[in-house]
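Everything on this sheet refers to the single structure shown next.
Values in this document were obtained by computation on a predicted structure and should not be read as measured data.
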2 protein chains.
Amino acid sequence: MGAQMIRVMIADDHQLFAEGLSQALNALPDTRVVGVVSSGPALEVALSSQPAEVCIVDIEMPGGDGISSIKTLGFKTKAIVVSMHAGDDQNQRAREAGARGFFSKAVPLVTLASAIRAVASGHSLMDLDEEQRDDLLESFREAQLDPGAASLTAREREILQLLAIGVSATDELADRLYISQKTVKNHLASVFQKLAVSDRTQAAIEAIRLGIAKPH
Amino acid sequence: MGAQMIRVMIADDHQLFAEGLSQALNALPDTRVVGVVSSGPALEVALSSQPAEVCIVDIEMPGGDGISSIKTLGFKTKAIVVSMHAGDDQNQRAREAGARGFFSKAVPLVTLASAIRAVASGHSLMDLDEEQRDDLLESFREAQLDPGAASLTAREREILQLLAIGVSATDELADRLYISQKTVKNHLASVFQKLAVSDRTQAAIEAIRLGIAKPH
DNA sequence: ACGACGATAGGTCGCCCGGCCCATGATCGC
DNA sequence: GCGATCATGGGCCGGGCGACCTATCGTCGT
């Protein structure tokens, strides 16, 4: 499975936000939330037992500020600060504490996801002007797919999409794609190899996990 | 599939929150987010073309308050107000506008999910004291499962959980559960019938959709 | 113009899967 | 205690599935 999955820890006292974000990040193929805490001190404790590449930290939390925890944890901990109010003063505080990124909660999810990938790769978003920052985020917009999944052909993706919505029989797949059953089996064999699975059940699960199946 | 799926519309200017919550609600077996907007007026427009049983509305949004939109939409629109700051004054404003529920964003996801089910069933959470409210929420804590899924036995659920994480071969299932391959096939046959599917691939997909498979 | 690759398709083979019959204890509700 | 339900297990059988090998025809890129 996911070889270089980015492990993420979330610290936010608004559970609805933290749990929602957790779900959203876990739905991405290359990030996994390994912990959700609701205060700065809790973050420090959690990190000591559960390593994470990137932390998403709310700047304003009761019972232990996020900023002071980032300072305590040091620069080796890659932190991205999020805030409800995107003020320059907060941006400044985040920078001084050693955060690698600062975002308003008003930004779209894809932006945060790009930032997580950029920060996990060793970049910092704090000392860049707006254009540089946008360019860097843009270059990390695509989810790092599993080596196998990245090499899937268009036809193989079509088969996977159908598989993921429950079209599992060879003859049904053939009917839907207007090709022979034999060709379906050939494509499936390629998919199995590329995804490192051994049957269509596992392939369907991987397809769902990778977000290849689109509608819901 | 999901017969009485509750359609939910989300109005919140914090995209990170809205998108995360959207993911989280879609992951539940009985709710589906049909729209995400970032202002009051946009909510009114969206609802006119896309019906929804319940709306989650942020009380504080730039460019059109959520409260005034709820007033405009009228009582037939079932709205649950969420806020970052859970003050009595905001609670009061939400009640006067005709909202069916009011929550801080600090509440856990399960609470909001219970509230959505309660409100979708016609209840209002506003004119209850704390104890009554908690009791009502408690009674809606369980997701409404599909008729088939509800009648699954414990052992059948175990098999489904394994299936959903990629343990698809009969002999592997048998090994994991310390039973014979024949018994595995018997259980699977029951599962197929109850979920109205015809093979383990479709069963695994249903299991994921129903939230029977737990972690990832 | 040639080679790489993808989409199409066929054959064969062994094994697994799903459908349908049945049987035995254990447990629980009434 | 008696029936219902559940978990366990067996046998049988036909067809589907996955593995391996080969082949033709486009469409690229160079």
Quick one: on DNA chain D, does T153(B) or V197(A) contact a more 5' nucleotide (nearest heavy atom)?
-> T153(B)
Taking the nucleotide of DNA chain D with the closest heavy atom to each, which residue, Q181(B) or A154(B), is nearer the 5' end?
-> A154(B)
How long is the line joining [atom1] of [X] and [atom2] of [N], in whole Å?
{"X": "Q193(B)", "N": "dC6(D)", "atom1": "CD", "atom2": "P", "result": "12 Å"}
{"X": "L188(B)", "N": "dC17(C)", "atom1": "CG", "atom2": "P", "result": "9 Å"}
{"X": "E158(B)", "N": "dT8(D)", "atom1": "CD", "atom2": "C1'", "result": "14 Å"}
{"X": "I159(B)", "N": "dA7(D)", "atom1": "CD1", "atom2": "P", "result": "10 Å"}
{"X": "K182(B)", "N": "dC6(D)", "atom1": "NZ", "atom2": "C1'", "result": "15 Å"}
{"X": "R155(B)", "N": "dT5(D)", "atom1": "CZ", "atom2": "P", "result": "21 Å"}
{"X": "L163(A)", "N": "dC17(D)", "atom1": "CG", "atom2": "C1'", "result": "12 Å"}
{"X": "E156(B)", "N": "dA7(D)", "atom1": "CD", "atom2": "C1'", "result": "10 Å"}

Quick one: is dA9(C) close enough that its OP1 or OP2 comes under 4.0 Å of any side-chain N or O from T183(A)?
-> yes
Give one of base, sugar-phosphate or nothing for [X], where a contact means two heavy atoms less than 4.0 Å apart.
{"X": "T170(B)", "result": "sugar-phosphate"}
{"X": "D171(A)", "result": "nothing"}
{"X": "S198(B)", "result": "sugar-phosphate"}
{"X": "S180(A)", "result": "sugar-phosphate"}

Centroid-to-centroid, F140(B) to H123(B), below 6.0 Å?
-> yes
When you look at CD of Q193(A), are more than 12 heavy atoms from neighbouring residues, nucleotides or ligands closer to it than 6.0 Å?
-> no
Go through [options] for me and flag the one nearest to the [X] side chain.
{"X": "K185(B)", "options": "dC17(D), dG18(C), dA7(C)", "answer": "dG18(C)"}
{"X": "H187(B)", "options": "dT8(D), dA9(C), dG18(C)", "answer": "dT8(D)"}
{"X": "N186(A)", "options": "dG11(D), dT8(C), dA7(C)", "answer": "dT8(C)"}
{"X": "R200(B)", "options": "dC17(C), dT8(C), dG9(D)", "answer": "dC17(C)"}

Find out whether E138(A) and D134(A) are in side-chain contact, i.e. whether some heavy atom of one side chain is under 4.5 Å from a heavy atom of the other.
-> no
Report yes if some heavy atom in the side chain of Q132(A) is under 4.5 Å from a heavy atom in the side chain of D127(A); otherwise report no.
-> no
Rounded to the nearest 0.5 Å, how far apart are CD1 of I116(B) and NZ of K78(B)?
-> 12.5 Å
